[in-house]
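Everything on this sheet refers to the single structure shown next.
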Amino acid sequence: LWFWSEESRGYSATQVEVANLAAGRVMNEIEQSILGEELTESREIRQQLETASITQASLLPDSQRLHESYDIHGWTYQNAGLGGGFHHWDLTPNNMISLLVGNSSQDGPEGALVATSIQSITRVQWRAQASIANTMRVINDIHWSMPDANWNASVGLIQINPKTNHGSICCSGKIQSFIVSERGFRPIGSQVLEIGSEPDTEFTTKRFVLQKGEILVAYTSDILVPNLIGNTNRRKNVPYSALDQNTFLKVIMDMIDQKCSDIAGYLARTLPTFERGMGSGLDRSLVLIKNAG
């Protein structure tokens, strides 16, 4: 703040102090105005993110039973309110039980865009009765063609014929999948690069039979984070000394006679917990499907 006079003159200490006070008051008003604008903008952004988070959550499946012989459940945990994790299931027009699980390699709003894109493309392909391998190719081609952004993701697609119990699975990126029975568990599926990593990725479909009483579990590998296992400050109510993959699957095997909703809920409570916003890569998703006969 400048003060001037038409003639050369001096200023007393009192006049200098008054000028300083005036300058400080003006600066304070400017700062309050800027902070007010930033606060208003921050609130608007937060409200938009909350609305987007609710919209994203509405894309997740409900608990409506798809088939009398099959029990399905799952969940998605976003590291922030809006994130890259996703899962879905539906009974497609060709009477196949179809499931989707995965997460974007990005988190936050960017990850949510990728997740929503994959969910939308998959639903269109399901309605068109496309094979799961062809669905993966379509997603990959579209995401590879996206410029100036990371549209990579880990995706698992599963289809089961409820009449024959025969199924197929196709996975990319960090997806783990197993069939669990009273006798143990066996891996199914095969991993390739993340969706969107390369233009000509070959997606391999694996066949399986889900016998009565067996459970198929598919999940993003970030469910288990080895470097945080055993750290009692970063987990709550974990009843096991080590929450590795074998222990995780043994929980399912021990609870195999229970409903998938009970198993999924227990797994959610058992997994290590993290502060929201701790970092990227912790959006996590899981689906369970049981042949209940």
Side-chain angles (χ1 to χ4, degrees), residues 56 59-61 74 76-79 82-94 96-161 166-178 187-208 216-223 280-287 289:
Q56 185 182 31
L59 298 177
L60 299 177
T76 288
Y77 171 88
Q78 310 289 18
N79 186 44
L82 198 62
F86 55 89
H87 72 278
H88 195 68
W89 53 73
D90 204 352
L91 188 66
T92 53
N94 55 355
M96 299 286 283
I97 297 176
S98 299
L99 300 96
L100 166 71
V101 65
N103 69 339
S104 166
S105 60
Q106 302 293 317
D107 59 358
E110 186 177 2
L113 287 174
V114 177
T116 303
S117 171
I118 292 173
Q119 289 170 287
S120 300
I121 296 170
T122 300
R123 288 180 175 183
V124 171
Q125 292 297 106
W126 281 353
R127 286 196 291 269
Q129 303 183 35
S131 68
I132 57 177
N134 187 64
T135 300
M136 294 285 270
R137 283 192 289 270
V138 171
I139 297 172
N140 189 70
D141 290 345
I142 292 175
H143 280 222
W144 168 255
S145 66
M146 295 291 190
D148 303 328
N150 182 353
W151 286 78
N152 296 356
S154 299
V155 179
L157 280 171
I158 304 162
Q159 278 193 335
I160 298 176
N161 186 332
H166 287 74
S168 55
I169 182 170
C170 189
C171 300
S172 69
K174 300 183 293 183
I175 300 293
Q176 301 293 327
S177 53
F178 293 83
I188 58 174
S190 60
Q191 274 68 40
V192 295
L193 296 173
E194 286 186 324
I195 285 286
S197 299
E198 291 186 357
D200 300 315
T201 304
E202 289 294 329
F203 296 99
T204 304
T205 300
K206 296 292 184 179
R207 309 290 179 182
F208 62 87
L216 189 157
V217 56
Y219 56 92
T220 57
S221 60
D222 284 330
I223 277 181
S280 62
L282 294 178
D283 297 333
R284 297 168 285 175
S285 297
L286 170 145
V287 292
I289 178 168

Test your reading of the model: is there a side-chain donor-acceptor pair from Ser177 to the backbone of Ile188, 3.5 Å cut-off? yes

So how far is it from Ser168 OG to Arg207 CZ, rounded to the nearest 0.5 Å? 5.0 Å

Does any part of the side chain of Asn150, heavy atoms only, come nearer than 4.5 Å to the side chain of Ser105, both counted from C-beta? yes

For the atom pair CD (Glu194) and OG (Ser104), what is the distance rounded to the nearest 0.5 Å? 8.0 Å

Main chain of Thr92, side chain of Ser98: is a donor-acceptor contact present, judged purely on distance under 3.5 Å? no

May I ask you to test the Val217-Val287 pair for a side-chain heavy-atom distance under 4.5 Å? no

Distance-minimising heavy-atom pair for Leu82 and Pro109: CD2-CA, 3.8 Å

Would you say Asp283's side chain and Gly84's backbone share a donor-acceptor pair under 3.5 angstrom? yes

Distance-only, no hydrogens or angles: does the Ser145 side chain make a donor-acceptor pair with backbone N or O of Ile142 under 3.5 Å? yes

Heavy-atom donor-acceptor pair, Gln159 side chain to Ser131 backbone, under 3.5 Å: no

Distance from Leu157 atom CG to Ile118 atom CD1, nearest 0.5 Å? 9.5 Å

Side-chain contact test, heavy atoms from C-beta onward, threshold under 4.5 Å: evaluate it for Tyr77 versus Thr220 and give yes or no. no

Which pair of non-hydrogen atoms, one from Gly196 and one from Asn140, has the smallest distance, and what is that distance? N-OD1, 2.7 Å

Taking the side chain as everything from C-beta on, heavy atoms only, tell me whether Trp89 gets closer than 4.5 Å to Ile97. no

Inspect the surroundings of CG in Asp200 and state if more than 12 heavy atoms from other residues, nucleotides or ligands are less than 6.0 Å away. no

Any side-chain heavy-atom pair of Val114 and Gln106 under 4.5 Å: no

Side-chain touch His88/Thr122, heavy atoms, less than 4.5 angstrom: no

Answer whether the closest heavy-atom distance between the side chains of Val192 and Glu202 falls below 4.5 Å. no

Which pair of heavy atoms, one from Ala218 and one from Val101, lies closest together, and at what distance? CB-CG1, 3.9 Å

Looking at every non-hydrogen atom in both residues, tell me the closest pair between Gly85 and Ala115 and how far apart they are. O-CB, 4.2 Å

Return the CG to OG1 distance between Asn103 and Thr76, rounded to the nearest 0.5 Å. 9.0 Å

If you look at every heavy atom in Thr135 and Ala130, which pair is closest and at what distance? OG1-CB, 3.9 Å

Is Ser117 reaching over with its side chain to a backbone N or O of Leu113, donor-acceptor style, under 3.5 angstrom? no

So, Ser285 and His87: side-chain donor and acceptor under 3.5 Å apart, yes or no? no

Does the side-chain contact (heavy atoms from CB on, under 4.5 Å) test come out yes or no for Phe86 and Leu100, once each step is laid out? CA-CA 8 Å; Phe86 55 89; Leu100 166 71; 3.8 Å; yes

Measuring from Ile121:CD1 to Met136:CE, what's the distance to the nearest 0.5 Å? 12.0 Å

Check the orientation of Trp151 and His143. Use parallel for under 30°, tilted for 30 to 60°, and perpendicular for over 60°. perpendicular

Please check: side-chain N/O of Gln56 versus main-chain N/O of Thr116, any donor-acceptor pairing under 3.5 Å? no

Quick one: are Ile169 and Thr205 in side-chain contact, heavy atoms under 4.5 Å? no

Between atom CG of Leu216 and atom CD1 of Ile158, what is the distance when rounded to the nearest 0.5 Å? 5.0 Å

On a heavy-atom basis, the closest approach of Thr204 and Cys170 is O-SG, 3.5 Å

